[in-house]
Number of protein chains: 2
Amino acid sequence: MQTPADEARQLASAQNFRHMKAGGFDMVSSKDVAKYAGVSQTTVSRVLNTPDRVKGPTYKKVMAAIDALNYIPDANARSLVQQKTDTIALISGPLYNPFFVETTTSIVNYANENGFKINVHFSKNENITDTYHSIFENKVDGIILSSILLDDPIFEKLEKSGIPFITYNRKHASNKNFVEMDNEQAGFLAADYLLSLGHDAICWVGGPLEISTFKGRYDGFLRAFQKNGVAVEQERVFLTDTSKEQLHETFLKMEMLEEKPTAIHAATDAIAIQMMDFYISAGYRVPEDISIIGIDNVEIGQHASINLTTVGISSTANLGQLAIEKLIDMIHQKNKPCIQITKAVRLFERKTTIERRRV
Amino acid sequence: MQTPADEARQLASAQNFRHMKAGGFDMVSSKDVAKYAGVSQTTVSRVLNTPDRVKGPTYKKVMAAIDALNYIPDANARSLVQQKTDTIALISGPLYNPFFVETTTSIVNYANENGFKINVHFSKNENITDTYHSIFENKVDGIILSSILLDDPIFEKLEKSGIPFITYNRKHASNKNFVEMDNEQAGFLAADYLLSLGHDAICWVGGPLEISTFKGRYDGFLRAFQKNGVAVEQERVFLTDTSKEQLHETFLKMEMLEEKPTAIHAATDAIAIQMMDFYISAGYRVPEDISIIGIDNVEIGQHASINLTTVGISSTANLGQLAIEKLIDMIHQKNKPCIQITKAVRLFERKTTIERRRV
DNA sequence: CGTGAAAATGGTTACGTAACCATTTTTTAT
DNA sequence: ATAAAAAATGGTTACGTAACCATTTTCACG
């Protein structure tokens with residue numbers, strides 16, 4: 001039987017265990033809980049991690065203490081002793097590219113659902129030593145990244161670190177684990193489609209060929225021209241940074257061409273959508289005045305106001321989702337098989353492309 | 001003078017310091033570096049943290065050892081002893097709302113530039129005990145969040161935790177620190193504008209009024225009707241979940257109305273853009289057949305193909321950016337002033353609204 | 001009821017770092 | 001040259017947890 005006095009004493013006791021700290025209350029440790037419950041710290045740990053190995057009454061005592069003291073275990077301390085952080089680093093491309101919006105969503109949600117925290121980093125270029133510094137210091141359990149060049153020197157460091165990692169979208173020349181789409185075929189399908197519509201003044205707008213996606217898509221673009229017996233004119237090939245500003249420069253350059261393009265093959269939907277904006281703002285009609293095709297099949301491209309013709313993965317898969325699933329597998333089962341997934345692609349015919357009017 | 005034999009010995013020595021671990025190499029500690037360099041662990045720590053207090057030769061010796069052993073300090077261990085993690089938790093709304101794309105970008109980039117890691121969480125509803133569990137266990141230095149209800153019970157726990165936190169976009173009824181737009185005025189401006197265009201069959205589409213943004217915007221909507229002497233008909237008010245599926249349900253319900261709306265006031269641009277998609281896909285023309293206005297002034301709404309009329313912050317500020325700046329201030333200077341920022345708004349007249357044709 | 005096995009609990013240690021205090025070395029001022 | 005001060009370095013500890021081994025308690029069985 002518990003008297004009011006007992007209760008009061010117990011309450012006072014709980015108060016005493018609350019050390020005031022700089023920020024506010026708390027910083028109650030499992031030691032405090034142990035003392036309060038009259039057991040050893042080891043037992044407190046067991047209550048939380050292997051409750052089966054603790055007798056009913058003990059369990060209740062400890063849980064009561066945890067409640068009374070408002071104890072929250074410290075994941076950092078646990079990481080230190082267990083040598084794992086339950087954290088995955090994500091190095092994504094910028095979100096102004098809708099492709100990364102979708103992959104980031106999938107990656108973060110899937111990881112969180114599976115008990116992993118995600119440290120996010122957005123990188124525009126590949127000059128991100130600071131980012132890797134932070135990632136390596138944090139001893140993350142895995143790394144999922146897109147931002148890498150075909151011959152990126154960081155790759156060696158990644159391998160040497162021993163941390164499981166996988167790339168999505170892009171890959172490195174020596175990549176063991178990656179999830180990509182069939183970039184070459186994507187480029188081919190898009191270009192072949194434009195050619196089949198009768199276009200020949202086609203501009204290619206893409207990023208640097210040191211990046212696997214751009215390289216593959218450009219190669220496919222070339223193959224389509226070859227197959228159709230059309231020559232690629234170098235002045236219509238624009239390799240540019242994918243920022244809005246640089247794309248606007250590119251737009252202006254295309255406007256200066258002697259023979260203006262009747263179609264644009266953008267290496268990504270993000271580029272396509274941005275170019276659409278420039279053209280429409282300049283008074284052009286899409287597709288009547290200019291056809292535009294992208295690659296990636298991003299969600300926003302399916303909006304009725306945009307209706308972007310594009311090439312994308314045949315299935316409804318999401319490269320980020322696939323990659324994070326594999327990465328977490330790799331983290332769990334210590335054996336590391338090669339994950340090399342190249343998803344098949346197909347054309348999504350929509351409303352930004354039209355047969356060339358012969359004038 | 002160093003002979004080849006010396007070099008070889010040194011190399012062998014370095015090798016010996018590399019303990020093979022489960023995953024791969026490494027797990028070199030500052031102790032290993034100390035032994036290798038012939039100094040104390042304390043000195044190694046000093047070389048990294050207060051190099052001024054170390055003599056030149058010692059510094060060089062230690063740096064050489066760090067290099068030779070490929071030593072990377074363990075941020076977790078540092079966190080444990082320093083009682084800070086240099087980590088901020090972000091609880092954002094889902095990225096299919098473009099508003100959160102922009103805020104997330106700003107928050108992650110600014111935090112990373114200032115030496116903080118960001119743990120991202122996307123939440124659709126407010127039922128996220130697991131998320132908070134993880135956040136509290138990780139002893140983050142600060143929390144920046146949008147997902148909160150006006151009377152959210154989690155608020156009390158946040159306060160009690162003693163962790164600095166700030167909300168952006170939304171706020172709690174008792175919030176000490178928040179960054180929002182003038183939601184009431186935004187709702188007012190949008191509704192008043194539609195009314196000024198001659199619309200009266202206006203549908204409101206928004207989320208639950210337990211959320212400050214929706215509540216404020218709806219209140220403003222009501223005020224505009226009152227000011228214009230127009231009655232709000234309850235059957236034209238749709239309070240719904242903002243998922244694509246639920247919005248489609250709403251669209252179907254609007255189609256069933258006896259008197260179909262001539263204009264839609266969406267509580268957010270995300271809703272507006274989604275409704276646009278449904279209407280155009282169903283064969284309507286925007287704005288000729290139906291006017292649509294949003295709130296937030298998201299980037300994609302400015303695209304030439306969408307051109308969404310909307311209400312947004314007058315300045316080019318970004319609520320997420322403002323909030324993360326303030327939060328990091330709060331973390332650095334231990335005093336915690338009240339950050340209560342309500343940004344002024346204005347109308348952005350674009351192409352999804354038109355004067356009502358009197359039939 | 002006694003004995004051995006199993007279950008429950010406790011004590012000690014390590015994880016890797018920075019804080020703290022102690023000691024040694026160097027510099028400065030006389 | 002010497003004392004005092006300053007600089008440089010080292011030893012020990014704590015941070016909070018789980019692993020590991022030791023001890024005690026409980027239980028089953030003959």
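Note on naming: letters A, B, ... go to the chains in the order of the sequence lines (proteins, then strands), and numbering restarts at 1 for each one.
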Participant: Give a yes or no on this: more than 12 heavy atoms of other residues, nucleotides or ligands lie within 6.0 Å of atom NZ of K139(A).
Facilitator: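 Yes, NZ of K139(A) has more than 12 neighbouring heavy atoms, counting only those of other groups under 6.0 Å.
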Participant: Tell me: CZ of R53(B) to C1' of dT26(C), nearest whole Å?
Facilitator: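 The answer, rounded to whole Å, is 17 Å.
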Participant: How would you label the contact of T58(A) with the nucleic acid (heavy atoms, under 4.0 Å): base, sugar-phosphate, or nothing?
Facilitator: sugar-phosphate
Participant: Write down the distance between CG (D52(B)) and P (dA6(D)), rounded to a whole number of angstrom.
Facilitator: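 Computing the D52(B):CG to dA6(D):P distance gives 18 Å.
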Participant: So which one's nearest nucleotide on DNA chain C is more toward 5', K55(A) or V81(A)?
Facilitator: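 By nearest-heavy-atom nucleotide position, the 5'-most residue is K55(A).
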Participant: Below 4.0 angstrom from OP1 or OP2 of dT9(D), is there any side-chain N or O of Y59(B)?
Facilitator: no
Participant: More than 12 heavy atoms of other residues, nucleotides or ligands under 6.0 Å from CD of Q340(A): yes or no?
Facilitator: yes
Participant: To the nearest Å, give me how far apart CG (D74(B)) and P (dC15(D)) are.
Facilitator: 18 Å
Participant: So, does the side chain of Q82(B) form a donor-acceptor pair with the base of dA19(C) at under 3.5 Å?
Facilitator: no
Participant: For dT12(D), does either OP1 or OP2 sit under 4.0 Å from a side-chain N or O belonging to Q41(B)?
Facilitator: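 Result: no.
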Participant: Given V179(A), which partner from the list T103(A), L322(A), I324(A), L327(A) fulfils the side chain to side chain contact (heavy atoms under 4.5 Å, CB included) test?
Facilitator: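 Only match with V179(A) under side chain to side chain contact (heavy atoms under 4.5 Å, CB included): L322(A).
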Participant: Rounded to whole angstroms, how far apart are NZ on K61(A) and C1' on dA8(C)?
Facilitator: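 Rounding to the nearest Å, NZ of K61(A) and C1' of dA8(C) are 12 Å apart.
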Participant: Considering only side-chain heavy atoms of S29(B), which listed nucleotide, dT17(C), dA18(C), dG16(D), is closest?
Facilitator: dT17(C)
Participant: Contact class for V39(B) vs. all strands (heavy atom < 4.0 Å): base, sugar-phosphate, or nothing?
Facilitator: sugar-phosphate
Participant: Tell me: CG of D86(A) to P of dA18(D), nearest whole Å?
Facilitator: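 So the CG-P distance, D86(A) to dA18(D), works out to 12 Å.
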Participant: What nucleic acid atoms does S45(B) come within less than 4.0 Å of, heavy atoms only: base, sugar-phosphate, or nothing?
Facilitator: base
Participant: Grab the NZ-C1' distance between K139(A) and dC15(C) for me, whole Å please.
Facilitator: 12 Å
Participant: If you assign each of G38(B) and R46(A) to its closest nucleotide in DNA chain D, which residue comes earlier from the 5' end?
Facilitator: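 With G38(B) and R46(A) compared, the 5'-side residue is G38(B).
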Participant: So, does S30(A) get its side chain near the phosphate of dT17(D), meaning an N or O under 4.0 Å from OP1 or OP2?
Facilitator: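 Indeed, a polar side-chain atom of S30(A) lies that close.
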Participant: In whole angstroms, how far is the P atom of dT17(D) from the CG atom of L80(B)?
Facilitator: 9 Å
Participant: In a check of side-chain hydrogen bond (donor to acceptor under 3.5 Å, both in side chains) between T85(A) and each of D141(A), N138(A), N119(A), which one passes?
Facilitator: D141(A)
Participant: Can you tell me if T43(A) touches the phosphate of dT9(C), counting only side-chain N or O atoms and a distance under 4.0 Å to OP1 or OP2?
Facilitator: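 Negative; the distance criterion is not met.
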Participant: With nearest nucleotides of DNA chain D determined for T42(B) and N76(A) from heavy-atom distances, which residue corresponds to the more 5′ nucleotide?
Facilitator: T42(B)
Participant: Specify whether F165(A) and F155(A) have parallel, tilted or perpendicular ring planes, treating 30° as the upper limit for parallel and 60° as the lower limit for perpendicular.
Facilitator: perpendicular
Participant: Rounded to the nearest angstrom, tell me the gap between atom NZ in K84(B) and atom P in dC15(D).
Facilitator: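 Going from K84(B) (NZ) to dC15(D) (P), I get 18 Å.
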